[in-house]
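I have placed the structure first, in the form of structure tokens, so that the comments after it can refer back to it.
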Number of protein chains: 4
Amino acid sequence: MNVATDSPRRQQLTRIAARLFMQQGFDRTTVRMLADAMGIKSGSLFHHFADKQEILCAVIEDSTRHALFSARRALADAAPTTRARLLALARVHLDTLHDDRHAHGVALYEWRRLSDEDREHLTHLRDAYETLWLQVIEEARRAGQVQGDAAIITRYALGALNWTARWYDPDGPMDTAQLAHELVDMIVAPAS
Amino acid sequence: MNVATDSPRRQQLTRIAARLFMQQGFDRTTVRMLADAMGIKSGSLFHHFADKQEILCAVIEDSTRHALFSARRALADAAPTTRARLLALARVHLDTLHDDRHAHGVALYEWRRLSDEDREHLTHLRDAYETLWLQVIEEARRAGQVQGDAAIITRYALGALNWTARWYDPDGPMDTAQLAHELVDMIVAPAS
Amino acid sequence: MNVATDSPRRQQLTRIAARLFMQQGFDRTTVRMLADAMGIKSGSLFHHFADKQEILCAVIEDSTRHALFSARRALADAAPTTRARLLALARVHLDTLHDDRHAHGVALYEWRRLSDEDREHLTHLRDAYETLWLQVIEEARRAGQVQGDAAIITRYALGALNWTARWYDPDGPMDTAQLAHELVDMIVAPAS
Amino acid sequence: MNVATDSPRRQQLTRIAARLFMQQGFDRTTVRMLADAMGIKSGSLFHHFADKQEILCAVIEDSTRHALFSARRALADAAPTTRARLLALARVHLDTLHDDRHAHGVALYEWRRLSDEDREHLTHLRDAYETLWLQVIEEARRAGQVQGDAAIITRYALGALNWTARWYDPDGPMDTAQLAHELVDMIVAPAS
DNA sequence: CATGAATGAGCCTTCATTCAT
DNA sequence: AATGAATGAAGGCTCATTCAT
């Protein structure tokens, strides 16, 4: 289940699956579509994954690990100000959501399609990611730069960013850096 | 297609469908499930709707009209301050999202399942709804109470609220009024 | 589950299934073959049966009820001698095994293919049938006409008859009455 | 194809296959199950057997040769009385049916799964075995110890014994010697 | 309006078999 | 010999939709 233990072939197939899942949704993506995109026959898919569910699980696990890792590194590299740290998180979130792998969007929008078992298995990963946000926002709140309930602000911020999957065009005129700035400006008290 | 022209029976069936679509998603809700919940046989469903797509279209049209109507009335009733008007919109949004009809959530999360034809037909309704938000936020921006790009703030606000469908429990300790307040506090400059 | 409650259509389909199951075995009979023989499409089959297992269960239940009913009536009609009663049972067994319905053979040779649940459900029927045999043989033993353990003799007799499914040709020169006589002669002490 | 020419490795694999075929039936035993039980991968199996059919053929040939050889030796060792000779045959039959190799049962119950070609190839072996029985029973009939048609009695006897595969528990209180005695008592006129 | 039976296209999955390494 | 990846045909089953009654 660990990304580190996944064979390169499996990782490769996982990324292809992520793209299709994001484009059409898990339910509408047939294993034949997946196999076609992977350049193999549908039966061969089951050498790498036990069933279709496991592909979804692999996509979500992979993408969540990737987002978590990227966020941690971005925080480590960021200047120690509230704005800088929030900006780092927002940029990572948007970048993982809109990069060519699309996998983060699958994690968000197909979460309910996971089997109960897989969902439980992945919950701690997702929680770890959200905790990163919560901590930074909680710091900001204590510093007086953010007002209200930190947990709700966190969810509002993530919701605002997640919804960009529905309207933001990465090939359009605006880049993710600008989007991230807008978010931070919205959350953090302006004059500070 | 117009709500006004829908027979009471069809409206009743539409509401039942909305609940199932929200609980399990459009793709996972079979025509037989719908018929069961409606107390009829699956064949009979097609006396009321031409096909499954039309049911989704009816649900989304109904819910969007409802949200639009509610929002307009709330704005008409609201005090003429930025905060009051925004608060009114946020409450309506949350209430239509979490009431027992669930239909607004279907409009948001199953939008992509509409046929191209239906989507086009419903786009003006949705745009009308979003325009309501955009106008209020644009007013606020001109009044200096909101900073940044009004269009983006609008989408961020809606995204933040839409995402509550994923985590907010209407039966929990917090009510939608508090949630709405948190949102307005987040968007509108505090000291004003 | 009761034969009496089966729709005529379902009974008709059950008989066709019995023939195919006997000819090729349950595992080698595909639902498409069944549907072809029934003159319908494979999907339509599942309006009458929940799954393939249920077809097998229906065949076995139907045939065992039929054999049980026939055996009881034959015993009621038989003269009250050991030989006559045994002969009656043997003829019914052979006739139900080799008639055009073939269903009894399915009950015998596909018993292990039943799901655990179905098997349990049908065991009491089969036991009722075997008990009929056991009682007659036990009577014979007490009358000194049969020697040895009644339970084993019963199973040997049934095994001998069941095996005819593998070699006896109903269209050949010998009829089931002669076969039945041979069995009774083998079991019952000759001079009596 | 001849046992004598089979490599020890192939014989070993054949025995493992026999166990699985008996436990679950030929059709339900997959090549992967066989390979797992053999401690190799499924692809490797085809270095030892051309296809799955050949495995079944090998199992049946092996077991039938074994039964034939055992029966001949038992007859050679038996006292020259009808009862003793029949008893010897019955014991060998039961022992080969219920020993840890299970292979004889496969020969009986999966005979129809053989390809036409293989079946023809093995028929002479099976006939040789049945002829052994037929000869002894024919002797008994001529000696007045068995009544009726020798061919039918032979088949009835074999059927009775074969059916033990369905109900006899080798680990239970009764041993095969007792079972064999019951059979002989059933067939052979008692007092004579 | 309602129903039960039927349809046909398609879905996920299985499995014996092949073959380059 | 052995393996792992791939194949292709088939299998059981689902489901939106139709239609005679």
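So that the names make sense, note that chain A is the first sequence line, chain B the second, and so on, each numbered from 1.
D:V106 is listed as a side-chain neighbour of D:I60, based on a closest heavy-atom distance under 4.5 Å. Contact annotation: the side chain of A:Q24 approaches that of A:M33 to within less than 4.5 Å [non-hydrogen atoms, C-beta and beyond].
With sequence neighbours excluded, the residues forming a side-chain contact (heavy atoms from CB on, under 4.5 Å) with B:R119 are B:W111, B:L114, B:D116, B:T123, listed by chain and number. Not counting sequence neighbours, the partners of A:Y109 by the ring pair (Phe, Tyr, Trp, His ring centres under 6.0 Å) test are B:W163. In this view, D:F26 and D:F21 satisfy the ring pair (Phe, Tyr, Trp, His ring centres under 6.0 Å) rule, not counting sequence neighbours.
Each of A:A50 and C:R9 lies near DNA chain E, and the nucleotide nearest C:R9 is the one positioned closer to the 5' end. Residues D:H48 and B:D51 both approach DNA chain F. Their nearest nucleotides, taken by heavy-atom distance, put D:H48 toward the 5′ side.
Here CZ of A:R126 is found 12.0 Å from OG of A:S63. Values are rounded to the nearest 0.5 Å. In this structure, D:D62 CG and D:H104 NE2 are separated by 11.5 Å, a value rounded to the nearest 0.5 Å. Rounded to the nearest 0.5 angstrom, D:H121 NE2 and D:E61 CD are separated by 5.0 Å. Note that CG of A:L13 and CE of A:M38 are 4.5 Å apart. Values are rounded to the nearest 0.5 Å.
C:F46 has its CZ atom 17 Å from the P atom of F:dA16, to the nearest Å. To the nearest angstrom, C1' of F:dA16 lies 10 Å from CD1 of B:I55.
Salt bridge status for B:E54 with B:R10: present, with a side-chain N to carboxylate O gap under 4.0 Å.
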Practice problem: Go ahead and write out DNA chain F as dot-bracket, 5' to 3': ( ) for pairs within the strand, [ ] for ones crossing earlier pairs, | when the partner sits on another strand, dots for unpaired; Watson-Crick or G-U wobble, both distances under 3.5 Å. | Solution: .||||||||||||||||||||

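Taking the 5' to 3' direction, DNA chain E first and last meets chain B under 4.0 angstrom from a heavy atom at E:dA2 to E:dA6.
The stretch residues 18-45 of chain C touches DNA chain F through C:T29, C:T30, C:V31, C:R32, C:S42, C:G43, each having a heavy atom under 4.0 angstrom from the strand.
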